Amino acid sequence: MFDRSFFESTAVEAAPGLLGAHLTVDGVTLRITEVEAYLGVGEDPGSHSFRGKTARNAVMFGEPGHLYTYFTYGMHVCANVVCSPEGSASGILLRGGEIVAGVELARARRTTSKSDADLARGPARLAVALGITLADGGADLARGRFSLELPAAASAHSSGPRTGVSGDGGGPAYPWRFWIPGDPTVSPYKAHAPKKRA
DNA sequence: TATGCGATTGCCT
DNA sequence: GGCAATCGCATAG
């Protein structure tokens, strides 16, 4: 069980404290090593909630400590933890981590990964390894299949520009990617893909 | 109603 | 290291 008030601060404030946390879903436990913070309406051009509430991002506007999932690139699911009080709509994207329990099950789900470090390195991989699907959107991380243990003390961490965010939301103006330095399960930094063929 | 593209990954050269 | 896959959602008309 975690202290829900931890997620009532903004995503940027809470994100570093989520590093080192243990998230368990159906017997698979992840030690979180990399996250990105996204703020709310009108505050953050890179955030799904920047332009206001829509059917897709509705759960971001709900109670903190719940799961926000979304589908992208026609094939991938990514998972976020809702932050800030109801109506504020900020969130923390889970970008990478180490599987510390239930490795066999995670391997079975991620048959393409070549090493255990790749099981949950990257947001879409992480969701697959934990068995998180779109149907889990809105789930309370303290109930049902989910449980979350926050670290007793904040881990040492680095911060930098967010990965894969296009337009104004990317770059050094929003250094809201946080990771545990030197950890092999942190995804490699990649700037937003330049526009593809015309 | 129509159109463009994304908080990515994995396979190909 | 480079690019194709794939579709729901947001934006424009």
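A, B, ... follow the sequence lines: proteins, then strands. Residue 1 opens every chain. None of the values given here were measured: they were computed from a predicted structure.
- Of the candidates B:dT9, C:dA10, C:dA5, the closest approach to any side-chain atom of A:Met75 belongs to C:dA5.
- Applying the 5.5 angstrom centroid cut-off and the 30 degree plane-angle cut-off, the aromatic ring of A:Phe71 is not stacked upon the base of C:dG8.
- Whole-Å rounding puts the A:Asp118 CG to B:dT8 P distance at 16 Å.
- A side-chain donor-acceptor contact under 3.5 Å links A:Ser187 and A:Glu34.
- Applying the Watson-Crick and G-U wobble criteria (two distances, each under 3.5 Å), B:dT1 pairs with C:dA12.
- Side-chain atoms of A:Asp44 never come within 3.5 Å of backbone atoms of A:Tyr38 as a donor-acceptor pair (strictly under, hydrogens ignored).
- Between A:Arg56 and C:dA10 there is a side-chain N or O to OP1 or OP2 distance below 4.0 Å.
- In this structure, the side chain of A:Ser84 does not engage the main chain of A:Gly91 through any donor-acceptor pair within 3.5 Å.
- Dense packing is recorded around CG of A:Asp26, with more than 12 heavy atoms of other residues, nucleotides or ligands lying under 6.0 Å away.
- Through direct or relayed side-chain contacts under 4.5 Å between Ile, Leu, Val, Met, Phe, Trp and Tyr, A:Val100 connects to no other residue.
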Got a list of protein N/O to nucleotides 10-13 of chain B N/O distances below 3.5 Å?
from: B:dG10; atom 1: OP1; to: A:Arg110; atom 2: NH2; distance (Å): 2.6
from: B:dG10; atom 1: OP1; to: A:Thr112; atom 2: OG1; distance (Å): 3.0
from: B:dG10; atom 1: OP2; to: A:Arg125; atom 2: NE; distance (Å): 2.7
from: B:dG10; atom 1: OP2; to: A:Arg125; atom 2: NH2; distance (Å): 2.7

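- Checked by atom type and distance alone, the side chain of A:Ser88 never pairs as donor or acceptor with a backbone atom of A:Ser90 at under 3.5 Å.
- The nearest whole Å value for the distance from the CZ atom in A:Arg121 to the P atom in B:dT9 is 10 Å.
- Judged by distance alone, the side chain of A:Asn57 and the main-chain N or O of A:His48 form a donor-acceptor pair under 3.5 Å.
- The phosphate of B:dG6 (OP1 or OP2) has a side-chain N or O of A:Ser166 nearer than 4.0 angstrom.
- To the nearest angstrom, P of B:dT8 lies 8 Å from CG of A:Leu93.
- If you take CE of A:Met60 and P of C:dC9, they are 16 Å apart, rounded to a whole angstrom.
- Checking the phosphate oxygens (OP1, OP2) of B:dG6, no side-chain nitrogen or oxygen of A:His76 falls inside 4.0 Å.
- Side chain of A:Asn80, nearest nucleotide from B:dT8, B:dA7, C:dA10: B:dA7.
- If you take NE2 of A:His48 and P of C:dG8, they are 16 Å apart, rounded to a whole angstrom.
- For the pair A:Arg162 CZ and B:dA7 P, the interatomic distance rounds to 10 Å; values are reported in whole Å.
- Contact annotation for A:Gly46: base contact, defined as any heavy-atom pair under 4.0 Å involving a base atom.
- Under a 4.0 Å N-O distance rule, the pair A:Glu36/A:Arg162 does not qualify as a salt bridge.
- You'll find a donor-acceptor pair under 3.5 Å spanning the side chain of A:Tyr70 and the base of B:dA7, going by distance alone.
- For B:dA7, there is no paired nucleotide, since no Watson-Crick or G-U wobble pair has both relevant distances below 3.5 Å.
- Only the C1' atoms considered, B:dA7 is 23 Å distant from C:dG1, to the nearest whole Å.
- Listed pair A:Thr54 / C:dA10 meets the phosphate criterion, a side-chain N or O lying under 4.0 Å from OP1 or OP2.
- Taking atom OH of residue A:Tyr73 and atom C1' of nucleotide B:dC5, one finds them 8 Å apart after rounding to whole Å.
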